[in-house]
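Each remark here refers to the structure printed beneath this line.
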Amino acid sequence: MNDIAEDRELMRRISQKDAEALECVYDRYERAVYSFAYRIVQDTMAAEEVVQELFLRVWNHAERYDQSQGKLSTWMFTITRNIAVDMLRRKSSRAPVDPTKDETLRGIPDLKANTEEQVTLNWERQRIKEAMNELREDQKQVIESIYFQGLTQHEVSERYSIPLGTVKSRVRLAIRQLHKKLAGAVRGENYL
């Protein structure tokens, strides 16, 4: 049985409240989900909370998984992103605003930063910036709103008075274009 068929069977069993099936899904995806959540929330405790909330939702709403819409991992990463973004929104709405904090931190050198790491990060930032600048303005606006401001596609639709289907199309086209542009970096074709 291949992974996709196994995932379908596990989700069917989870929808029937089979705890063993949930353990299998947890064992299979927990690390990847945690890493993904951590990249968004940048905090170990918060990432663990996101993972816990995800698997709670998988347990309580397994019947919502529609295999015709994509792989189980894709469904879980989408839910993880939503949970993480919601967590960041809640946290930022409770956090006191301290305008001097960011400026103060920028002035303090990071003595632990590895020069090679910094060069690589700067190069990657530059490639992303160049790729973003090659997007059409309408695509760039949607991508920045969703991925850098944490808005949902529905919120982007409302904010800019764009039909939801158009927002989805722009995201899909922009991601495809970014993927083509940045694919070399993923394969390790960085010309340093």
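Fair warning: this is a prediction, and the values are worked out from it, not measured in the lab. All values below come from the heavy atoms of this structure, side chains included, with hydrogens, waters and symmetry mates left out.
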[X] side chain to [Y] backbone, donor-acceptor under 3.5 Å:
X	Y	value
Gln67	Ile4	no
Ser35	Arg31	yes
Arg127	Lys181	yes

Can you name the side-chain hydrogen bond (donor to acceptor under 3.5 Å, both in side chains) partners of [X], sequence neighbours left out?
X	result
Tyr160	Ser145
Asp66	Ser68
Tyr38	none

Please check if [X] and [Y] belong to a single hydrophobic cluster, counting links between Ile, Leu, Val, Met, Phe, Trp and Tyr side chain heavy atoms closer than 4.5 Å.
X	Y	value
Met11	Tyr29	yes
Met132	Ile146	yes
Val33	Met87	yes
Val85	Tyr34	no

Roughly how far, to the nearest 0.5 Å, is the [atom2] atom of [Y] from the [atom1] atom of [X]?
X	Y	atom1	atom2	value
Ile40	Leu88	CD1	CG	7.5 Å
Leu10	Arg28	CG	CZ	5.5 Å
Cys24	Ile14	SG	CD1	8.5 Å

(message) Taking salt bridge (charged side-chain N to carboxylate O under 4.0 Å, His left out) as the cut-off, I'd like each qualifying pair that reaches into residues 10-21, sequence neighbours left out, listed once.
(response)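 Output for this query lists Glu9-Arg12, Arg13-Asp18.
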(message) Show me the pairs that pass salt bridge (charged side-chain N to carboxylate O under 4.0 Å, His left out) and involve residues 142-156, at least two apart or across chains.
(response)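 Those involving residues 142-156 are Arg89-Glu155.
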(message) Is any side-chain heavy atom of Ile175 closer than 4.5 Å to one of Ile143?
(response)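 Side-chain contact under 4.5 Å: yes.
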(message) Taking side-chain contact (heavy atoms from CB on, under 4.5 Å) as the definition, give me every residue that meets it alongside Asn133, ordered by chain and number, with sequence neighbours left out.
(response)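 With neighbours one apart ignored, the set is Lys129, Lys140.
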(request) Only counting residues at least two apart or in another chain, list the ones meeting side-chain contact (heavy atoms from CB on, under 4.5 Å) with Glu23. (result)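 With neighbours one apart ignored, the set is empty.
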Let me check something: any side-chain donor-acceptor pairs from residues 44-64 under 3.5 Å, sequence neighbours excluded? List them with distances.
from: Glu53; atom 1: OE2; to: Arg57; atom 2: NE; distance (Å): 2.8
from: Asn60; atom 1: ND2; to: Leu56; atom 2: O; distance (Å): 3.3

Taking only distance into account, with no hydrogens and no angle test, what donor-acceptor pairs under 3.5 Å do side-chain atoms of residues 69-80 form with protein atoms, sequence neighbours excluded?
from: Thr78; atom 1: OG1; to: Thr74; atom 2: O; distance (Å): 2.9
from: Thr80; atom 1: OG1; to: Met76; atom 2: O; distance (Å): 2.7

Name the atoms and distances for all side-chain donor-acceptor pairs under 3.5 Å in residues 162-170, with sequence neighbours left out.
from: Ser169; atom 1: OG; to: Gly165; atom 2: O; distance (Å): 3.1
from: Ser169; atom 1: OG; to: Arg172; atom 2: NH2; distance (Å): 3.4
from: Arg170; atom 1: NE; to: Asp138; atom 2: OD2; distance (Å): 3.3

(request) Using salt bridge (Lys or Arg N to Asp or Glu O under 4.0 Å) as the criterion, list what pairs up with Glu158, not counting sequence neighbours. (result)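 Testing Glu158 for salt bridge (Lys or Arg N to Asp or Glu O under 4.0 Å), a comparison that skips the adjacent residues, returns none.
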